[in-house]
Amino acid sequence: MKTMITLLFSALCVATVSAQTDEKDNAMLNNGINFLDIPYVAHTLEVTDGEEELIINCDEVDCTTFVEYTLAMTLSPTEDGQVAEGDFATNLQKIRYRDGKINGYPSRLHYIADWVNNGVRNGFLEDVTTAYSPYTQKVSLSYMSSHPELYKQLSKSPENVAKMKEIEKSLNGQEFHYIPKDKLPFNGLPWIKNGDIIAITTNTPGLDVAHMGIAFYVNGKLSLLHASSKEKKVVVSKVALGQMLQNNDNWTGIRVLRMKK
Ligand code: 2YP
C-alpha cells in the first residue's frame with residue numbers, strides 16, 4: 001500500500017516544549033498548552049480525494065487531532081526538549097491508524113474505543129480509569145455506518161460502509177470503565193493528573209465518545225484544555241470539566257487515559 005505522507009508540518013508540530021505550567025515535568029500538558037488559540041477546524045483529515053494518507057496539520061485542529069498531535073509530540077522528544085520530526089510522524093501514524101498501518105479509510109481509528117484499544121495494545125497508552133472506577137459501559141457502535149452521509153469517504157463508498165460495520169461489530173459488547181458525570185467532583189480526583197487524556201462519553205445512539213481533551217487543574221478546579229467547536233479554537237475551559245458534563249445532557253461521563261513512555 002502506498003503510504004504517502006503529506007506533511008503540512010507547521011512550526012507548532014515541532015515546537016520546543018516550553019514549561020508554561022508549574023508542572024515542569026508534565027510534557028503532555030506543556031505541549032498541549034502550546035496549541036492555545038489554534039483555530040478549531042473540522043474535517044482536516046478529509047482534505048484529499050485519493051487514498052488515505054497521513055495528514056499533519058497542527059495549524060487547524062479538532063478535539064481529536066489536537067489530542068493526537070499533542071500525544072505524538074510528547075512521544076517524540078529529543079534530548080534538548082525539541083520534537084524529533086521523523087519520530088513525530090511515525091508516532092502520529094501509530095496513534096491514528098490500527099497498529100500503525102495505513103490501509104484505506106477504515107484503517108483510521110475513528111471510534112475512540114478502537115483508538116484507546118490500539119494505544120493500550122501498542123504500549124503507549126494506559127487506561128487509568130480501570131484501576132480507579134468500578135463503573136462500566138458496554139460499547140454499542142453504529143453511528144458511522146448508520147450516518148454515512150456525514151462522512152465523505154462513506155457517502156461515496158458502500159465498501160467502506162461495510163468495512164465500518166465489521167469494525168463496529170468487532171468492538172460491540174466490549175466493556176470499558178468510566179466515571180459517571182455525577183461522580184466527578186469539580187475539583188477533580190487525586191488520581192486524575194495534569195496532562196491526562198480525557199474522553200467524554202455520550203448517550204448518543206451508536207457512539208461511545210463525543211469529545212476529547214487534556215486534564216488541566218486551574219486554581220484547584222479540574223478544567224479541560226481542548227479544541228472547542230463552540231469557541232472555534234483551543235482553549236482552557238472557563239468552567240470545571242464536571243460543570244461541562246452537567247451542562248450537556250448528551251454527555252454521560254469520562255474515560256481517563258495516560259501516555260506511557
Ligand atoms: C472523529 O470524531 C471521527 C474520525 O472519523 C476523525 O466521528 C467519528 C466517530 N470519528 O478521523 C476524527 C478526527 O477528525 O474525529 C471525533 C468527534 O469529535 C469532534 C472532532 C470534536 O468534538 O471536535 C471523535 O468522535 C471524538 O468524539 C467523537 C466526535 N464525533 C462525533 O461526535 C460524531
Side-chain angles (χ1 to χ4, degrees), residues 6 8 32 35 38-48 52-72 92-98 102-119 125 137 139-157 160-161 163-165 167-172 176 178 197-214 224-235 237 241 244-245 247-257:
T6 308
L8 294 171
F35 281 85
I38 290 292
Y40 177 101
V41 176
H43 310 305
T44 56
L45 304 187
E46 325 309 344
V47 292
T48 56
E52 182 77 12
E53 60 188 65
L54 186 68
I55 302 277
I56 298 178
N57 179 0
C58 294
D59 298 323
E60 303 169 317
V61 292
D62 64 28
C63 77
T64 299
T65 61
F66 162 60
V67 170
E68 291 183 331
Y69 294 137
T70 301
L71 181 57
L92 179 64
Q93 187 164 321
K94 281 185 192 149
I95 292 162
R96 187 175 288 167
Y97 292 96
R98 194 167 294 102
I102 300 180
N103 181 15
Y105 181 72
S107 67
R108 197 193 310 168
L109 295 160
H110 298 282
Y111 289 112
I112 301 308
D114 213 356
W115 189 94
V116 172
N117 288 348
N118 178 71
L125 276 187
Q137 272 192 27
V139 173
S140 171
L141 302 169
S142 59
Y143 190 87
M144 293 181 77
S145 63
S146 48
H147 299 284
E149 71 285 357
L150 300 179
Y151 299 88
K152 186 172 88 170
Q153 294 88 330
L154 296 184
S155 57
K156 57 185 185 182
S157 167
N160 278 344
V161 175
K163 282 194 187 151
M164 285 315 299
K165 269 203 179 100
I167 290 166
E168 290 162 355
K169 198 157 158 274
S170 72
L171 290 161
N172 285 346
F176 60 77
Y178 80 118
I197 294 168
I198 303 292
I200 296 178
T201 57
T202 183
N203 56 20
T204 300
L207 201 57
D208 58 326
V209 161
H211 192 51
M212 296 177 87
I214 293 174
L224 193 68
L225 170 63
H226 66 128
S228 165
S229 52
K230 279 202 196 71
E231 296 174 73
K232 292 277 166 250
K233 60 183 179 177
V234 177
V235 296
S237 61
L241 173 58
M244 291 173 73
L245 297 174
N247 294 350
N248 190 321
D249 292 346
N250 295 122
W251 292 358
T252 55
I254 61 168
R255 297 185 67 180
V256 184
L257 302 317

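Each ligand, and each atom within it, is numbered from 1 in the order the structure gives. Everything quoted here is computed from the prediction, not taken from an experiment.
Residue Tyr111 forms a side chain to side chain contact (heavy atoms under 4.5 Å, CB included) with just one option from Val116, Val209, Leu207, and that option is Leu207. Exactly one of Tyr151, Tyr105, Tyr143 qualifies for a ring pair (Phe, Tyr, Trp, His ring centres under 6.0 Å) with His110. That residue is Tyr105.
Here the side chains of Leu141 and Asp114 are not in contact, with every heavy-atom distance at 4.5 Å or above. Leu241 has its side chain within reach of Ile200: a pair of non-hydrogen atoms, C-beta onward, lies under 4.5 Å apart.
Within the 4.0 Å heavy-atom criterion, both parts of Cys63, backbone and side chain, lie near ligand 1. Of the heavy atoms in Leu207, only side-chain atoms (C-beta onward) come closer than 4.0 Å to ligand 1. When non-hydrogen atoms are compared, ligand 1 lies under 4.0 Å from neither the backbone nor the side chain of Arg96.
Residues Val67 and Met212 approach most closely at CG2-CB, 4.0 Å, considering heavy atoms. Here the closest heavy-atom approach between residue Lys94 and residue Asn118 is recorded as O-ND2, 2.9 Å. Scanning both residues, Ile38 and Cys58, for their nearest heavy atoms gives CG2-O, 3.7 Å. Heavy atoms only, all atoms of each residue included: Phe176 and Thr201 are closest at CE1-CG2, 3.7 Å.
Every heavy atom of Ser229 sits 4.0 Å or more from the atoms of ligand 1.
Side-chain atoms of Thr44 and Glu60 include no donor-acceptor pair closer than 3.5 Å.
Residue Tyr143 has no nitrogen or oxygen atom sitting less than 3.5 Å from a nitrogen or oxygen atom of ligand 1, judged on distance alone. Between Glu46 and ligand 1, no pair of N/O atoms sits closer than 3.5 Å. At a 3.5 angstrom cut-off on N or O pairs, Tyr151 counts as close to ligand 1. Considering both main-chain and side-chain atoms, Thr65 never comes within under 3.5 Å of ligand 1 through any nitrogen or oxygen pair.
Which parts of ligand 1 touch Arg108 is read off a 4.0 Å heavy-atom cut-off, strictly below it: atoms 6 (C), 11 (O). Atoms of ligand 1 lying under 4.0 Å from any heavy atom of His211, numbered from 1 in the order shown and given with element: 21 (C), 22 (O), 27 (O). Ligand-side atoms of ligand 1 in range of Val209: 25 (O), 27 (O), 28 (C), range being under 4.0 angstrom from any heavy atom.
Looking only at heavy atoms of the protein, atom 14 (O) of ligand 1 is closest to Asp62 OD2, 2.5 Å. The nearest heavy-atom contact from the protein to atom 23 (O) of ligand 1 is Tyr40 OH, 2.7 Å. For atom 10 (N) of ligand 1, the closest heavy atom belonging to the protein is His110 O, 3.0 Å. When hydrogens are left out, the protein atom nearest atom 26 (C) of ligand 1 is Thr64 OG1, 3.3 Å; that is the closest non-hydrogen contact. In terms of protein heavy atoms, atom 27 (O) of ligand 1 is closest to Ala210 C, 3.1 Å.
For atom 30 (N) of ligand 1, the nearest protein heavy atom is 4.0 Å or more away.
Under the 3.5 Å distance criterion, the side-chain polar atoms of Arg96 are matched with a main-chain donor or acceptor of Ile55.
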Let me see the working for Arg108 and Trp115 under side chain to side chain contact (heavy atoms under 4.5 Å, CB included), right down to the final yes or no.
CA-CA 9 Å; Arg108 197 193 310 168; Trp115 189 94; over 6 Å; no
